[in-house]
Amino acid sequence: MPELPEVETIRRGVEPYVIGRRIEAVVVRDARLRWPVPKTLPAYATGKQIHGVTRRGKYLIFDLGGDRLIVHLGMSGRLNVLEHDAAPRKHDHVDLRLSGGIVLRFHDPRRFGAVLPWPAGHADHVLLRGMGPEPFSDAFSGDYLYKRSRRRSAPVKTFIMDGRIVVGVGNIYASEALFRAGIRPGRAAGRVSRAAYAALAAAIRDVLSIAIEHGGTTLRDFAGARGEAGYFQQELMVYGRDGEPCRRCGTAIRRLVIGQRSSFYCPHCQP
DNA sequence: CTTTACGCCTGACGGC
DNA sequence: TGCCGTCAGGCGTAAA
């Protein structure tokens, strides 16, 4: 499933193929996504031009010139650019047929994703309301994390994965960033020092930007916008490495469940 | 307010 | 070969 680097990789991959093109038709084969694709979506989108593709957290936003289209990939979603129309395969739920013969195809086996209209005039979409700052924005800093975390008992890993605190940090990069910052994932967020949060904010930005440079992480469901793989997996320090030696000190990496999610850490490097 | 558990789904994998 | 349990990248919701 895509985290921020995967979504950003997809955004960068898709945008040049769709920008300036007109949506000629919308084909909904299965509307049963996280929220049902509205029956009004084809009429809403057809005839409009795609002016650009932006990202907020893990949401992709297609700018239709005032009106917008929100796409979320959930755990297993993909967005493929087809230069020629091709027969749909299993789980190819939604197509945007664009001018010039390009087809943008939403594929999502688990159907945790979403394709939703966001009409002009609705200033803040309900799904985007209350979201925390982007990790690369000025609003996101060690001091910010420190202030937001006071008197919180929840684990620091859960804290940084909370989209109301900061967007885009998913399960892989939460473990990776905590390793880089030398912080145990199960530590209470309110008991992490200001200095450690400074290191953590930097680590989050570093790990996300390096992952974007590598085109994301390849795991079982992720492929880039046109099907190519990402190369961050070989850079992973702890995620999925339970029992394997720490790349820094050789100690066996441990796995534990925090907030119902697998978490990985080095007991020596993350005291 | 914060914290925690639970669904929503399909598919891959390992053990028997 | 099949069956069954576990796990998977997200996140809104309800309950405590």
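So you know, we letter chains A, B, ... as the sequences are listed, proteins then strands, and number each from 1.
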Can you tell which of dG11(B), dC11(C), dC6(B) lies closest to the side chain of His72(A)?
dC11(C)
Has Phe112(A) got its ring stacked on the base of dC8(B), with centres under 5.5 Å and planes less than 30° apart?
yes
Are Lys58(A) and Glu6(A) within salt-bridge range, i.e. N to O under 4.0 Å?
no
Nearest-Å distance, CD1 (Ile258(A)) to P (dT3(B))?
14 Å
If I take atom CG in residue Leu4(A) and atom C1' in nucleotide dG10(C), what distance separates them, rounded to the nearest angstrom?
13 Å
Ser262(A) side chain near dA8(C) phosphate (N/O to OP1/OP2, under 4.0 Å)
yes
Check: Ser209(A) side chain, Arg205(A) main-chain N or O, donor-acceptor pair, under 3.5 Å
yes
Using whole Å, report how far NE2 of His125(A) lies from C1' of dG12(C).
13 Å
Between dA8(C), dC9(B), dG11(B), which nucleotide gets closest to the side-chain atoms of Lys90(A)?
dG11(B)
Starting at atom CD1 of Ile160(A), determine the distance to atom C1' of dG10(C), rounded to an integer number of angstrom.
15 Å
Whole angstrom is fine here: how far is it from CG in Asp162(A) over to P in dG10(C)?
13 Å
Nearest listed nucleotide, side chain of Met75(A), among dT3(B), dA8(C), dC11(C):
dA8(C)
Can we say Arg12(A) and Glu8(A) salt-bridge, meaning some charged N sits less than 4.0 Å from an Asp/Glu carboxylate O?
yes
Show me the dot-bracket string of DNA chain C, counting Watson-Crick or G-U pairs under 3.5 Å, with | for pairs to another strand and [ ] for crossing ones.
.|||||||.|||||||
Would you call Asp85(A) and Arg105(A) a salt bridge, using N to O less than 4.0 angstrom?
yes
Nearest to the side chain of Arg111(A) - dT3(B), dC11(C), dT10(B)?
dT10(B)
Any salt bridge between Arg32(A) and Asp30(A), counting N to O under 4.0 Å?
yes
Do the side chains of Arg78(A) and Asp108(A) get close enough for a salt bridge, i.e. N-O under 4.0 angstrom?
no
Which ones in residues 146-156 of chain A lie close to DNA chain B, meaning a heavy atom under 4.0 Å from one of its atoms?
Arg152(A), Ser153(A), Ala154(A), Pro155(A)
Is Arg241(A) positioned over the aromatic face of Tyr239(A), cation under 6.0 angstrom from the ring centre and no more than 45 degrees off axis?
no
Closest approach to the side chain of Tyr59(A), judged atom by atom: which nucleotide of dG12(C), dC6(B), dT3(B) is it?
dG12(C)
Ion pair check, Arg129(A) and Asp124(A), cut-off under 4.0 Å:
yes
Over how many whole Å does the gap from Ile172(A) atom CD1 to dA8(C) atom C1' extend?
10 Å
Should His91(A) be listed as having a side-chain N or O under 4.0 Å from OP1 or OP2 of dG11(B)?
yes
Any ion pair linking Asp143(A) and Arg194(A) (charged N to carboxylate O, less than 4.0 Å)?
yes
Between dC7(C) atom P and Asp242(A) atom CG, what is the distance in whole Å?
11 Å
Pair Arg97(A) + Glu24(A): basic N to acidic O under 4.0 Å:
no
Rounded distance (Å) that lies between atom C1' of dA8(C) and atom OH of Tyr173(A):
15 Å
